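Computed from a prediction, not measured in an experiment: that's the story for all the values here. The sequence lines fix the lettering, A, B, ..., with proteins before strands; numbering per chain opens at 1.
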2 protein chains.
Amino acid sequence: MSARVTMRDVALAVGMSPMTVSRALRDDRTVNAKTRTRVRQVADELGYVYDSTAQAFRTQKSGFVAVTLPSVNNANFAETFRALTNGLGEAGLQLLLGSTNYRVEREEELVRQLLTRNPEALVLTGGHHTDEMRKLVQGRGLPVIEMWDLPADPLGHVVGFSNSDAMAHIVGHLASTGRRKLAFVGASEGADMRGAVRRAGVVQAARAHGLPEVVTIDAGPAPVSMRHGNAVIEAMGREVAQYDALVCVSDPVAFGCLSAAQRMGLRVPDDLAITGFGHFEVARVSNPRITTVNVQAEDIGRQVVALLQGIFDGDIDSPVRTDVGSALVMGETS
Amino acid sequence: MSARVTMRDVALAVGMSPMTVSRALRDDRTVNAKTRTRVRQVADELGYVYDSTAQAFRTQKSGFVAVTLPSVNNANFAETFRALTNGLGEAGLQLLLGSTNYRVEREEELVRQLLTRNPEALVLTGGHHTDEMRKLVQGRGLPVIEMWDLPADPLGHVVGFSNSDAMAHIVGHLASTGRRKLAFVGASEGADMRGAVRRAGVVQAARAHGLPEVVTIDAGPAPVSMRHGNAVIEAMGREVAQYDALVCVSDPVAFGCLSAAQRMGLRVPDDLAITGFGHFEVARVSNPRITTVNVQAEDIGRQVVALLQGIFDGDIDSPVRTDVGSALVMGETS
DNA sequence: CCGCCAATTGTTATCGATAACATGATACCG
DNA sequence: CGGTATCATGTTATCGATAACAATTGGCGG
């Protein structure tokens, strides 16, 4: 049927040039107020829809901010994403989201694809990337932000926290309450770097506190969640009681472990302490509440938004590094 | 510094026309194999990045599929989204995601914005929209799919299930196990239509089974989750024991109620049955497991992908209506 | 050796909005 | 009343890739 309605069509209908239409729709104050209202009315009547693609092409500004997440199916990442969407939406920017499925190779592929959309900034979750990534984003004027981590050699700006410090809080707390034999419950070594860093943090902190070597309980390939924690403890049976505490890679995993332990009649925390990570809702509602670490997912999003605004306003020249920190949240499982 | 590298630059470097470069990069078999490899190599060396914006502009095909979700912070919607991302990614399409925050006005605003990007299809969650929505999407050749619902008067294609049928399964089960006094736990009336439909389904089914009128327990404004279910039951105290069963709008809410009930010493299901909705992970891992309804979030996503492929291949002319159904999943809370 | 076909590469115009510059109209000043 | 500032609108060129068509080359049959 009818081809797309363009500014040209609106211009013909009001008897003016496309340039005037363009100005009128953009609320340019140099156009006469009456002209502006008439243009808008006619545009409405014709069912005109603005073409952001043409604008992006002409102005070389896409209005996109590209974001990679390991997964949207994680309440904390989803929360950060929500904060980004809301904050950047107010600035007229739209998010282009990609999921890496916790794999750096997938991240690289994704970034390659996202870059073809000419985003105005690139926000990556995590500080571990393929070697190619650095070449990919350098040289371009593109602002890059890594979040949820504090990489030693960042690509650009950073808004994150130290995963190993966070685990050290947990281990310190457990050690000070007399727990000695710790097991770490997380994903198999390999893809998920964040999990590996947390594990290393636990091992290191345990050594620092003079505790016996930490055993790793493998809950399967990343991402691991409630059911994986549940299954692995259920499979172990009462053998799990040999440990004083299960230090879990995340709250969902901890909840799975907690549920399995309770089902086999273990008393938590009396027989076994369990700790989580991330301050997920389940940790606050479960019974008993799970001792965890608050990582302020929403705050990370807000800080990234503030940083981007500074960058777009030209207020920021050198790389920014923000540590949002983390805090132990006492529950009833330890 | 250096301006963006374009096909023109690559063409100059290899001593050929931009058209040949375009063909070479697109793997057009009419270009000589040697030419193609040389073009690709030079493009790599120059750090050429393809410009999807220009392509979208010239071809009038954006490569985008616009999707609205009430929230990404919901495991089921996130799961559908993941299935969409994976399925459409293989077809070279990218998702443009917007969150409506469970409000139809926000959805309209969002769709307006998304349409300016010239998406090749529009996928909406839910079948309730503002009156303007219909005008907004009609007339354009744009394929529209509503999912997660079975609207009476759809905008286009539909892939969903009946929320009231699903609730009827739950109520039928409760009635057949002798529960008579039911309370529905959900969000305040208003924004969240899906919740309202579920509530209406419960009320209607209860009447059909000759049960006393269902009481509504208001857990606060949408979206409601674990902590809201938890808080509202905690606030009621043992007064909640007057009911035979709590029919919750979702599994997270049910888990919150379960946890609160257990904390105050109620035995579930002996003193009180609790049911959820959505077959979330927490329902499978909690102790006791929560009786719920499986809505096959991933399957919805896959069906939408299949439908879109059919549409793009031109195999589909008239509106499709797919009911993915729902099934009672027996747990231990009823 | 001519002509036709296939293989390969080139030329031109175009998608819609807008920056930069130009023009026309009106007002206001000494 | 001439000249200049101000307001409102118009003209032209452009962003990068590619569809449609044109042109060139080499090969092969007759």
Side-chain angles (χ1 to χ4, degrees), chain A residues 2-40 42-43 46-64 92 113 115-120 140-141, chain B residues 2-40 42-43 46-64 92 113 115-120 140-141:
Chain A
S2 59
R4 165 195 265 295
V5 179
T6 72
M7 283 190 184
R8 174 189 207 75
D9 301 314
V10 178
L12 283 172
V14 296
M16 296 202 138
S17 77
M19 195 64 234
T20 303
V21 173
S22 173
R23 285 194 268 247
L25 293 178
R26 273 181 297 161
D27 218 12
D28 190 323
R29 61 254 172 273
T30 71
V31 292
N32 186 296
K34 265 174 292 184
T35 309
R36 201 179 57 208
T37 40
R38 200 157 70 89
V39 166
R40 299 196 156 193
V42 172
L46 295 181
Y48 171 74
V49 173
Y50 185 82
D51 186 339
S52 293
T53 305
Q55 180 198 42
F57 178 54
R58 166 67 237 233
T59 64
Q60 296 291 63
K61 294 186 67 182
S62 63
F64 284 131
Q113 194 191 333
L115 286 181
T116 72
R117 296 286 181 180
N118 195 22
E120 303 187 24
R140 223 168 306 284
Chain B
S2 59
R4 165 195 264 295
V5 179
T6 72
M7 283 189 184
R8 175 188 206 74
D9 301 314
V10 178
L12 283 171
V14 296
M16 297 203 137
S17 78
M19 195 63 235
T20 303
V21 174
S22 172
R23 284 194 269 248
L25 294 178
R26 273 181 299 161
D27 217 12
D28 188 325
R29 62 251 172 276
T30 71
V31 294
N32 185 295
K34 264 175 290 181
T35 309
R36 204 178 56 207
T37 40
R38 199 156 70 90
V39 166
R40 298 196 155 193
V42 172
L46 296 180
Y48 171 75
V49 174
Y50 186 81
D51 187 338
S52 292
T53 304
Q55 180 197 42
F57 178 54
R58 165 68 238 231
T59 63
Q60 297 292 57
K61 295 186 68 182
S62 63
F64 284 130
Q113 194 191 331
L115 287 181
T116 72
R117 296 286 181 180
N118 195 23
E120 302 186 27
R140 221 168 307 284

Inset, instruction - Enter the inter-axis angle for the ends of the helix from C/dC1-D/dG30 to C/dG30-D/dC1 (five pairs per end, rounded to 10°). - result: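 Nearest ten degrees gives 50° for this helix.
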What does the list of N/O pairs under 3.5 Å between the protein and nucleotides 17-23 of chain D look like, with a distance for each?
residue	atom	partner	partner atom	Å
D/dA17	OP1	B/Y48	OH	2.3
D/dA17	OP2	B/M7	N	2.7
D/dA17	O3'	B/Y50	OH	3.1
D/dT18	OP1	B/Y50	OH	2.4
D/dT18	OP1	B/Q55	NE2	3.4
D/dT18	OP2	B/S22	OG	2.6
D/dT18	O2	B/R58	NH1	2.6
D/dA19	OP2	B/R26	NH1	3.2
D/dA19	O4'	B/R58	NH2	3.4

For the residue pair [X] and [Y], what are the closest heavy atoms and their distance?
X	Y	answer
B/A11	B/S17	CB-C, 3.6 Å
B/A13	B/V42	CB-CG1, 3.6 Å
B/M7	B/Y50	CE-CE1, 3.8 Å

Legend entry - Sugar-phosphate, base or nothing in reach of B/T53, heavy atoms under 4.0 Å: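 Nothing: the residue B/T53, judged by heavy atoms under 4.0 Å, touches no strand.
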Inset, instruction - Report which part of the nucleic acid B/T30 touches: base, sugar-phosphate, or nothing (heavy-atom distance under 4.0 Å, all strands). - result: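 It contacts base atoms.
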Legend entry - A/T6 vs A/D51, side chain to side chain contact (heavy atoms under 4.5 Å, CB included): CA-CA, chis, key distance, verdict: CA-CA 8 Å; A/T6 72; A/D51 186 339; over 6 Å; no
Inset, instruction - Tell me whether the OP1 or OP2 atom of C/dT14 has a side-chain N or O from B/Q60 closer than 4.0 Å. - result: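 Answer is no, no contact under 4.0 Å.
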Inset, instruction - Verify the contact: side-chain N or O of A/S17 to OP1 or OP2 of D/dG10, cut-off strictly under 4.0 Å; return yes or no. - result: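 Looking at the OP1 and OP2 atoms of D/dG10, one of them is under 4.0 Å from a side-chain N or O of A/S17.
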Inset, instruction - On DNA chain C, check which nucleotide each of A/F57 and B/G15 is closest to and give me the residue with the more 5' one. - result: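 Mapping each residue to its closest nucleotide by heavy atoms, the 5'-most match is B/G15.
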Between [N] ([atom2]) and [X] ([atom1]): distance, integer Å:
X	N	atom1	atom2	result
A/M16	C/dA25	CE	P	13 Å
A/L25	C/dG16	CG	C1'	13 Å
A/K61	C/dG16	NZ	P	23 Å
A/L12	D/dG10	CG	C1'	14 Å

Legend entry - Interatomic spacing from CZ in A/R29 to CZ in A/R36 - rounded to 0.5 Å: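 Separation between the atoms: 11.0 Å.
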Legend entry - Trace of the side chain to side chain contact (heavy atoms under 4.5 Å, CB included) decision for B/R4 with A/N118: CA-CA 10 Å; B/R4 165 195 264 295; A/N118 195 22; 3.3 Å; yes
Legend entry - Set of side-chain contact (heavy atoms from CB on, under 4.5 Å) partners for A/R23, sequence neighbours left out: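 If we apply the side-chain contact (heavy atoms from CB on, under 4.5 Å) test to A/R23, skipping adjacent residues, the hits are A/M19, A/R26, A/D28, A/T30, A/V31.
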